[in-house]
Amino acid sequence: MSTRLPDETTLHRSDTPHHGTGLRSFPQARAANRTARITAAGAAWLAGATAYPRSTLVQWESHPTLPGVLPCGSAFDVVNVPALFGRRMLGHLWTDGPGSGPVATHRGRMLLFASPGTAQRLPSLLDWEEWGGGLEPRGGTDRRQDRGDGRVPSLLCHGTGDAVTVPPLTCTSSTPGPRWVVAPDTRAPWLPGPDVLLWACVRVARSTPAPADQDSIFPPADQGANVYDVSRRR
């Protein structure tokens with residue numbers, strides 16, 4: 001079995017940075033449960049991340065409904081964020097920033113494809129800006145440090161030596177497993193660098209209300225206790 005990929009996606013072309021108010025339609029398209037479709041050029045770009053691109057394409061075309069596994073570090077890095085945080089990052093990138101590269105969802109998290117080297121530099125930039133308490137290095141080793149505000153969740157940066165699962169060539173909004181939110185549609189898609197993703201992370205963190213201060217000299221109230229109006233006591 002083989003499949004023929006379309007020439008264009010239904011969402012956008014991602015080969016250059018994007019600006020303008022027209023980008024505000026992107027969150028609405030996602031809200032309408034639309035699934036991005038990968039093109040033949042986009043599949044060729046993804047396959048280029050492997051040692052044997054042609055063999056990879058043949059295998060994908062033979063099994064178009066199966067996800068693939070691709071190495072990071074050569075064609076792209078991936079920043080893996082919780083889904084809600086990722087949606088907010090995309091909102092800022094598309095409404096106030098340059099747009100995004102390919103983006104996928106998998107197991108409740110969002111995978112933002114970034115330029116090679118981002119996995120190495122982004123943690124350092126976040127630490128330098130004192131926003132890196134919840135960020136983990138590539139490979140997923142947990143070294144979270146509680147900054148106390150809870151606004152920056154745990155992020156994973158996948159670079160050289162790591163691999164990520166990518167959505168199949170053909171999938172719909174009801175297809176289980178990984179799905180494209182922004183599918184690659186050219187052989188050279190624009191990819192955000194660590195500076196752009198740093199900006200998006202900080203914008204989300206600053207726009208997220210901090211949790212209420214939990215420090216108190218009084219013990220927590222007993223929900224089952226009787227309440228008396230002591231002002232009426234004689």
Side-chain angles (χ1 to χ4, degrees), residues 11-12 14 17-34 36 72 76-138 140-159 162 164 178-183 189-214:
L11 290 185
H12 76 284
S14 58
H18 302 275
H19 302 274
T21 56
L23 298 175
R24 297 180 185 277
S25 63
F26 176 65
Q28 281 77 7
R30 287 176 31 247
N33 205 24
R34 296 175 62 183
C72 301
F76 54 79
D77 283 358
V78 171
V79 177
N80 182 332
V81 305
L84 179 58
F85 193 82
R87 287 196 296 269
R88 290 172 175 169
M89 286 181 66
L90 281 184
H92 285 290
L93 286 169
W94 280 90
T95 57
D96 306 318
S100 73
V103 180
T105 58
H106 186 43
R107 295 181 177 176
R109 296 181 70 87
M110 191 166 286
L111 311 179
L112 289 86
F113 285 67
S115 61
T118 298
Q120 183 70 26
R121 292 188 58 198
L122 183 58
S124 299
L125 291 175
L126 283 167
D127 285 338
W128 179 265
E129 297 290 340
E130 298 185 353
W131 291 100
L135 189 137
E136 300 175 16
R138 62 179 178 85
T141 302
D142 190 354
R143 49 187 290 268
R144 285 172 287 181
Q145 299 173 356
D146 186 7
R147 293 180 61 242
D149 54 16
R151 291 180 293 172
V152 179
S154 175
L155 311 182
L156 292 169
C157 291
H158 304 291
D162 301 325
V164 293
R179 290 184 294 166
W180 289 112
V181 178
V182 181
W190 178 78
L191 298 174
D195 53 342
V196 173
L197 295 181
L198 169 69
W199 172 85
C201 285
V202 173
R203 288 294 291 266
V204 174
R206 287 177 175 171
S207 63
T208 303
D213 188 0
Q214 300 297 322

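Keep in mind that what you see is a predicted model, and the values were worked out from it rather than measured.
Contact annotation: the side chain of Met89 approaches that of Leu197 to within less than 4.5 Å [non-hydrogen atoms, C-beta and beyond]. Here the side chains of Pro102 and Leu191 are in contact, with some heavy-atom distance below 4.5 Å. Side-chain contact between Arg88 and Leu90 is absent, with no heavy-atom pair separated by less than 4.5 Å. Two residues are said to be in side-chain contact when any heavy atoms from C-beta on lie closer than 4.5 Å; Pro192 and Ser115 fail this criterion. Trp180 is not listed as a side-chain neighbour of Val103, based on a closest heavy-atom distance of 4.5 Å or more. Residues Ser100 and Leu112 fail the side-chain proximity criterion, which asks for heavy atoms closer than 4.5 Å. Residues Leu126 and Cys201 have side chains in contact (heavy-atom distance under 4.5 Å, counting atoms from C-beta outward).
Classified by interplanar angle (parallel below 30°, tilted 30° to 60°, perpendicular above 60°), the ring pair His92/Trp199 is perpendicular.
For the pair Leu122 and Leu198, the tightest heavy-atom approach, listed with the atom from each and the gap, is CD1-N, 3.8 Å. When all heavy atoms of Thr118 and Pro194 are compared, the closest pair comes out as OG1-CD, 3.5 Å. Heavy-atom minimum distance, Asp162 versus Cys157: OD2-O, 3.9 Å. The minimum heavy-atom distance linking Val196 with Pro98 is given by the pair CG1-CG, 3.9 Å. In plain terms, the two heavy atoms of Arg109 and Leu155 that are nearest each other are NH2-CA, 4.1 Å.
Listed for the Thr95 side chain is a donor-acceptor partner under 3.5 Å among the backbone atoms of Gly91. Using a distance-only test at 3.5 Å, with no hydrogens or angles considered, a donor-acceptor pair links the side chain of Asp77 to the main chain of Ala119.
To the nearest 0.5 Å, atoms CZ (Arg203) and CG (Leu93) are separated by 10.0 Å.
Taking the ring centroids of Trp190 and Phe113, they lie at or beyond the 6.0 Å cut-off.
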